[in-house]
**Q** 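The structure follows.
Below, chains carry the letters A, B, ... as their sequence lines are ordered, and counting in each starts from 1. Owing to the predicted nature of the structure, the values given are computational and were not obtained by experimental measurement.
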Amino acid sequence: MQDYLDQLNEAQRSAVTTIDGPTLVVAGAGSGKTRVLTYRIAYLLQQGVPPWRVLALTFTNKAAREMKERIAALTGKEVASRLWMGTFHSVFARILRVEAEHLKFPSSFTIYDTADSKSLIKSILKELQITDKEYKPGLILSRISAAKNDLVLPAAYARDTHRLAADRAAKVPMVYEIYLRYLRACLQAGAMDFDDLLLNTNLLFRDHPEVLAKYQAQFQYLLVDEYQDTNFSQYLIVRKLAEQHKNVCVVGDDAQSIYSFRGAKIENILNFRNDYPGYHLFKLEQNYRSTRNIVNAANSIIANNKGQIPKVVFSDKEEGEKLKVLQAYSDVEEGYMVVKELQNRRLNATCAYADFAILYRTNAQSRIFEEALRKNNVPYRMYGGLSFYQRKEIKDLLAYLRMVINPRDGEALKRIINYPARGIGKTTMDRLEKAAADNQLSLWEVLTHPELGRVGFNAGTLKKLGAFVQLIKSFERLLPVMNAYELTTEVVAQSGILKDLHMDKSTEGQTRVENLDELLNGVREFTEERIESGADNKLVNFLEEVALLTDMDQGDTEDSDRVTLMTIHSAKGLEFPYVFIAGVEEGLFPSPMSGNSEQGLEEERRLFYVAVTRAEKQVTLSYARSRFKYGEHNFVTPSRFLKDIDPAYLDGVETAVGGRPAVASGARFKRSFEGGNRSAAAKRSFSFQEESPVRKPAFSAETFGGTGGDISVGSRVAHERFGQGEVLSLEGQAPNLKAMIAFDNAGTKQLLLKFAKLRLLS
DNA sequence: CGGACGATCCTTTTT
DNA sequence: GGATCGTCCG
């Protein structure tokens, strides 16, 4: 253990060994935050603190898992597995299962995902006879979510003039009413959504002091990762739990607060000193990740924000390359330029595909890169798309399992009552839902009610409904005698899911069957692992794990060499040798949705800071001059954030043609974005050199890319790699003009003019 | 009742 | 461009 302390710098070591009293660790990007957290926990254990008295909270499963592994390496698996370590959501879900009865929830409560929540809101809207045109379920859910994260219950909501006024302004004055019914329906269904896990923990602690006292006493030491991302609900849980021992250590970086849209309060970290007087403060300012150029560029970006915790992040590493900027005509070309640049780097630096990440602001941008990567046979792994557990066939099966565990789960019921098709249609469901709402019952209670016939179903429908009820009950009976894997297998067979999928002979149908197999394997592995570690291995635990999983949490097992594709948000906490930040454009980054408020803009800027600081060796920024949006292409301008970077750390802009910076220096580059008449440039279609008419680049886009220009059949041209050759033929339309070229020494090739770095010789 | 095919809306980021 | 929702017809 002593050896490990020697590996730390002074600030890190103090942060690890100062274990008593409140502690704030301000950890700049790449400053060894995770290392401090893991060593601190290992140190606690070494000082004789029992593992079950340590509570460590993270935001992602991945962070929790990694820390657990690293601690296990220091202290042994046995001890590490007894720590209370996990995401806020998973840890408190675990506690809520134990204490559920205090809150009138079954301990087998379901966790609703966002789709379930939206679907429930739709049902409520129907009940209130409001269309989901006027009341967008997503918007309503986000307002309810915001209220919950601020611990504003319906009663307080009704008195909250701010919220009410905001709802009226947004033309959704009924949010309060919906919120009320939503909570009631969740209780009815024995279900909690993500926010409820935290809200109900707060209610538990508020209304049951003896329960709170129990956990206060147990958790002698608390640690919180990414404290700048906590919302009020999480903040209060931590504060309450820490009240007795006051040994709370929070780690975070105000400069990396990027989750205010889901209720995170940057104030939590800024106000730590007020909440915990006499706190210890440690600042980790040395960045061990990135080159000096990267750190300096990042610092110059974040310097544009106000109201930060003062700190100076520095790097001792080599100066490294400057940040590079790629300019493309279009979004599609941006994809190709990035991939080409990536491939060049990989060959020149002899590094692996896995050393690269392409980061973007919105998930919608991923498609372009996927296509470019696929066409160039570059292996990649994309995060943030549909996760495995969100596929239809998986959700269907999970819904069956959910109903077995908790038959009151209304969203699961709605999903499977007619899947596979058993002739229970919309009319029947409407009546059922109405009966449930009128009688304050769950759908299942209506279905199993002796007076079901009174609702007005005909004999045929009653028979179908009865068969469904019997099916679910037959599964319920298996619950005590089968393990999770056996039961799941049984459900797949008896529900008719397998038969339904086997009827579909298409490739998609086959994939679905394979996916079900994979889920079955997942259940088996889960059960085996849990039995081995002595943890809960019931079906309910599996469902919980799955509900709180994101797609960041899978597929890590295959150690294949792939480029990473993800949003900047999901890249937080990760690092890559080479990072591409794509779509650095107005209208995209900063996001127009963040409003033009100073606050919104500062958060976007922090996001930019996060993106740049992911890189170890080099950062390439890219933007396009035109981009498809809603199916039509628009001309766009480079992001204002490019001007936030000190030009001293920035290379010139590189365009597709010429292979040389079109604008020579960072300073010139910076100037070229200020002001300027864009419409002229727009009219010239693919011309991107709107300024500096005096000095034309050696090989302009117009020559080769835009129109095909001077190149014609018979021209002599030179290519960077293939040498000299003669143009045999031209085909296609600009800007996708292709040329067949017979090279003197490299054979005949077909090249896309806008990508080939051709030079005209004759 | 169920499947197929168009109109419509849209997009920030996620536990 | 694409997912989702609603309508239409078998």
**Q** What residues form a side-chain contact (heavy atoms from CB on, under 4.5 Å) with A:S90, not counting sequence neighbours?
**A** A:T87, A:L548
**Q** Report yes or no: is the cationic atom of A:R605 (NZ for Lys, CZ for Arg) under 6.0 Å from the centre of the six-membered ring of A:F608, at an angle within 45° of the ring normal?
**A**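 A:R605 over A:F608 ring: no.
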**Q** Between A:R94 and A:E544, is the closest basic N to carboxylate O distance under 4.0 Å?
**A**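 A:R94 and A:E544: not salt-bridged.
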**Q** Please report, rounded to the nearest Å, how far the P atom of B:dT15 is from the CG atom of A:D195.
**A** 13 Å
**Q** Taking only residues two or more places apart in sequence or in another chain, which ones pass side-chain contact (heavy atoms from CB on, under 4.5 Å) with A:I394?
**A**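 side-chain contact (heavy atoms from CB on, under 4.5 Å) list for A:I394, sorted by chain: A:F388, A:Y389, A:R391, A:L398, A:N515, A:L516, A:L519.
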**Q** Taking 5' to 3' order, which nucleotide of DNA chain C is first and which is last to have an atom within less than 4.0 Å of a heavy atom in chain A?
**A**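 Going 5' to 3' along DNA chain C, contacts run C:dG1 to C:dC5.
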**Q** Please answer whether the main-chain N or O of A:S233 pairs with a side-chain N or O of A:N202 as donor and acceptor at a distance below 3.5 Å.
**A** yes
**Q** Among A:D409, A:D113, A:D396, which one satisfies salt bridge (charged side-chain N to carboxylate O under 4.0 Å, His left out) with A:R415?
**A** A:D396
**Q** Would A:Y259 count as stacking on B:dT14 if stacking means ring centres less than 5.5 angstrom apart and planes tilted under 30 degrees?
**A** no
**Q** For B:dT15, does OP1 or OP2 lie under 4.0 Å from any side-chain N or O of A:N149?
**A** no
**Q** Nearest heavy-atom pair of A:Y400 and A:P420: which atoms, and what distance?
**A** OH-CD, 3.5 Å
**Q** If you assign each of A:K136 and A:F59 to its closest nucleotide in DNA chain B, which residue comes earlier from the 5' end?
**A**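 With A:K136 and A:F59 compared, the 5'-side residue is A:K136.
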**Q** Check the phosphate of B:dT14 against A:T567, side-chain N and O only, distance under 4.0 Å to OP1 or OP2. Yes or no?
**A** yes
**Q** Using modelled atom types only, decide if a donor and an acceptor are shared between the side chain of A:N304 and the backbone of A:I301 within a distance under 3.5 Å.
**A** yes
**Q** Using whole Å, what does the distance between atom P of nucleotide B:dT14 and atom CD of A:Q256 come to?
**A**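 The distance from CD of A:Q256 to P of B:dT14 comes to 16 Å, rounded to the nearest Å.
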**Q** Respond yes when some side-chain nitrogen or oxygen of A:S570 is under 4.0 Å from OP1 or OP2 of B:dT14, and no when none is.
**A** yes
**Q** In whole angstroms, how far is the P atom of B:dT15 from the OH atom of A:Y383?
**A** 13 Å
**Q** Ignoring hydrogens and geometry, is there a side-chain-to-backbone donor-acceptor pair from A:K265 to A:F232 under 3.5 Å?
**A** no
**Q** Polar-atom pairs under 3.5 Å, protein N or O versus N or O of nucleotides 1-8 of chain B: list them with distances, or write none.
**A**
residue, atom, partner, partner atom, Å
B:dC1, OP1, A:G425, N, 3.1
B:dC1, OP1, A:T428, OG1, 3.0
B:dC1, OP2, A:T427, N, 3.4
B:dC1, OP2, A:T427, OG1, 2.6
B:dG2, OP1, A:N418, OD1, 3.4
B:dG2, OP1, A:N418, ND2, 3.1
B:dG2, OP1, A:G423, N, 3.2
B:dG2, OP2, A:N418, ND2, 3.1

**Q** Just how far, in rounded Å, is P of B:dT15 from NZ of A:K572?
**A** 11 Å
**Q** If the threshold is 4.0 Å, N to carboxylate O, is there a salt bridge linking A:R367 and A:E371?
**A**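 Salt bridge present between A:R367 and A:E371.
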**Q** Consider the side chain of A:A364, meaning its heavy atoms from C-beta on, and name the nucleotide among B:dT11, B:dT15, B:dT14 that approaches it most closely.
**A** B:dT11
**Q** B:dT15 C1' sits how many Å from A:Q234 CD, rounded?
**A** 8 Å
**Q** Just the rounded figure in Å: distance from P of B:dC10 to CZ of A:R627.
**A**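 It works out to 20 Å between those atoms.
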**Q** Students often get this wrong, so: under 4.0 angstrom with heavy atoms, is A:N363 touching a base, only sugar-phosphate, or nothing?
**A**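 Since only primed, P, OP1 and OP2 atoms lie under 4.0 Å of A:N363, the category is sugar-phosphate.
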**Q** Rounding to an integer number of Å, can you tell me how far A:K148 NZ sits from B:dT15 C1'?
**A**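 For the pair A:K148 NZ and B:dT15 C1', the rounded distance is 14 Å.
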**Q** If you round to the nearest 0.5 Å, how far is CG of A:D116 from CD1 of A:I111?
**A** 11.0 Å
**Q** Rounded to whole angstrom units, what separation is found between the CG atom of A:N231 and the P atom of B:dT14?
**A**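 Going from CG in A:N231 over to P in B:dT14 covers 17 Å.
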**Q** Less than 4.0 angstrom between a side-chain N/O of A:N61 and OP1 or OP2 of B:dT15, yes or no?
**A** no
**Q** Return the residues of residues 606-614 of chain A meeting this criterion: a heavy atom under 4.0 Å from some atom of DNA chain B. Order them by number, or give none.
**A** none
**Q** By side-chain contact (heavy atoms from CB on, under 4.5 Å), which residues pair with A:E127, not counting sequence neighbours?
**A**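 Here the qualifying residues are A:R181, A:A437.
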